[in-house]
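Have a look at the structure below, then the notes.
What's counted below: heavy atoms across the whole structure, side chains too, no hydrogens, waters or symmetry copies. Every chain is numbered from 1 and lettered A, B, ... according to where its sequence line falls, protein lines coming before strand lines.
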There are 2 protein chains.
Amino acid sequence: MTARPRTRPTATPPLTRPGQALERVLQGAEAAIRRGRKFQQVLNGARDIFLARGYEGASVDDIAREAGVSKATLYAYFPDKRLLFMEVAKAECARQAEEAVKLIDQNAPAREVLTEAARRIVAFLTSEFAQKVFRICVAEADRFPELGHEFYHSGPLLVQQRLVEYLAKAVARGELAIDDLPFAADQFAALCKVTLHEQVIFGVADCCPPKMADQVVRGAVEMFLARYGVRPASA
Amino acid sequence: MTARPRTRPTATPPLTRPGQALERVLQGAEAAIRRGRKFQQVLNGARDIFLARGYEGASVDDIAREAGVSKATLYAYFPDKRLLFMEVAKAECARQAEEAVKLIDQNAPAREVLTEAARRIVAFLTSEFAQKVFRICVAEADRFPELGHEFYHSGPLLVQQRLVEYLAKAVARGELAIDDLPFAADQFAALCKVTLHEQVIFGVADCCPPKMADQVVRGAVEMFLARYGVRPASA
DNA sequence: TGCAAAGTGAACTGATCGGTTCAATATCAT
DNA sequence: ATGATATTGAACCGATCAGTTCACTTTGCA
């Protein structure tokens, strides 16, 4: 234990090679906060550890190790653990939003549109990623009020807005009859959570049988159309 | 720090076989767990602190102080913090179950029964108590798988079972037409969570406007009947 | 009244963790 | 090459916390 030959065979994760062209390119469009090369590494490591162990369960040393970065570097970027967590959560919410934005052909028949929407919502809800983010957000909503809001706005609320957007068109076309669009959208989203969400959150179902997912999707569409669908004029 | 007499005759946990008159009396009806007078105090204090601060946030010293009991006594009853938490959570779930059991007159018209059921579910979901238990259970479902199961079984699953019980009768009477009873029950429960649950969980809504609660209740009943209600034979 | 069990308080251990510091080193633009 | 900047590793601090121990006091029954 004298010379410390700096054995660092795999110390730095291969996320960013020495050639930092990518980094510099990103600098332009992104914020001016990125003070150094290891910024993204820190964020990635933090995301992995936070997602795996929650806020309290994730130690800063673990994060630094996972990120392949020294603790000093980490603290050079983020003044404290709280802020690091907020940053990670915000980034993840943004990603979630992007995913949700890819919506569906608004002009297809209502049944098709709703079925596809339900399928995507169900798929997202049952994804491991969504579960973990949800878990942390629920647990830490007391400690980080902003986090709760952030998650709600870029999660459930965003979905609601997209649905309202579509439902309005469907109503205008006479396919549906809805008076309170946001409320109806929330109902639809709620119907997509049936059974699955609770079972997954509480670890009751080991896996998520696609059969049940199908049933939920079909059930949601069926019920929504039963309530808001315009029958063919009793012809 | 030399002799270390190692006197452990009492072996802290007072498993107390002999000499407990009161103890023995209680043993009959109650469980065989109540080993001493302060047992309930510990449980109550633990419940308050856990509910207020979550698992990690609650220190054993705080719990002992809140319970008006020495830490030694606390550890005499519960070998560790985990088990204490499990015990508290179990007790709370049982209480929740009792509350839910008080169901409704099964023979009233479907609309009335469903409305009252929805009202109770909504009231429970928006209660501060339910929120806190839910928050902890979600957060700790990883660390305590049993806890997740316990909560699910004495919470959502119990409600589902009661609803199925009723729905079966309503179907038999020809008021409703349902093929998959448990699934329909889950759908109904999901409809009761619309908007409210998410807003409350993520701290978006400061209070819980009773107007919205009413809307959710009426919306749930309306939609459920639209889907499963038996129309008056198109007369 | 006496005695054993129940309960107490306070100190202590060992470990973890968030955050700081700093001298040594690596990287990169010039 | 050179100097500015980013990064490192490791030691360290202070705080917190779960859990232990023990001499002592209280309680309740016989």
In this structure, how many angstroms lie between the [atom2] atom of [N] and the [atom1] atom of [X], rounded?
X       : N      : atom1 : atom2 : value
A:Phe78 : C:dG18 : CZ    : C1'   : 16 Å
B:Arg82 : D:dG19 : CZ    : P     : 10 Å
A:Arg37 : C:dA26 : CZ    : C1'   : 7 Å
A:Tyr77 : C:dG18 : OH    : C1'   : 20 Å
A:Lys38 : D:dT5  : NZ    : P     : 18 Å
A:Gln40 : D:dT7  : CD    : P     : 13 Å
A:Leu84 : C:dC17 : CG    : C1'   : 15 Å
A:Arg65 : D:dG9  : CZ    : C1'   : 13 Å

**Message:** Taking the ring of B:Phe151 and the ring of B:Phe144, is the distance between their centroids below 6.0 Å?
**Reply:** no

**Message:** Assess the residue pair A:Phe134 and A:Phe124 against the criterion (ring pair (Phe, Tyr, Trp, His ring centres under 6.0 Å)); give the C-alpha distance rounded to whole Å, side-chain angles, the decisive distance to 0.1 Å, and a yes or no.
**Reply:** CA-CA 11 Å; A:Phe134 179 80; A:Phe124 180 75; over 10 Å; no

Show each protein N/O and nucleotides 16-18 of chain D N/O combination with a separation under 3.5 Å, one pair to a line.
| unit_1 | atom_1 | unit_2 | atom_2 | d |
| --- | --- | --- | --- | --- |
| D:dA18 | OP1 | B:Ala58 | O | 3.4 |
| D:dA18 | OP1 | B:Lys81 | NZ | 2.6 |
| D:dA18 | OP2 | B:Val60 | N | 2.8 |

**Request:** Could you tell me whether a side-chain N or O of B:Arg135 sits under 3.5 Å from a main-chain N or O of A:Val138, the two making a donor and an acceptor?
**Result:** yes

**Request:** Hey, can you tell me if B:Phe202 and A:Tyr152 have their rings parallel, tilted or perpendicular (30° and 60° cut-offs)?
**Result:** tilted

**Prompt:** Is a salt bridge present between B:Arg65 and B:Asp62, judged by a nitrogen-to-oxygen distance below 4.0 Å?
**Reply:** yes

**Asked** Are B:Lys90 and B:Phe85 in a cation-pi setup, meaning NZ or CZ lies under 6.0 angstrom from the ring centre and within 45 degrees of the ring axis?
**Response** no

**Item:** Presence of A:Thr73 side-chain N/O under 4.0 Å of D:dT7 phosphate oxygens OP1/OP2
**Value:** no

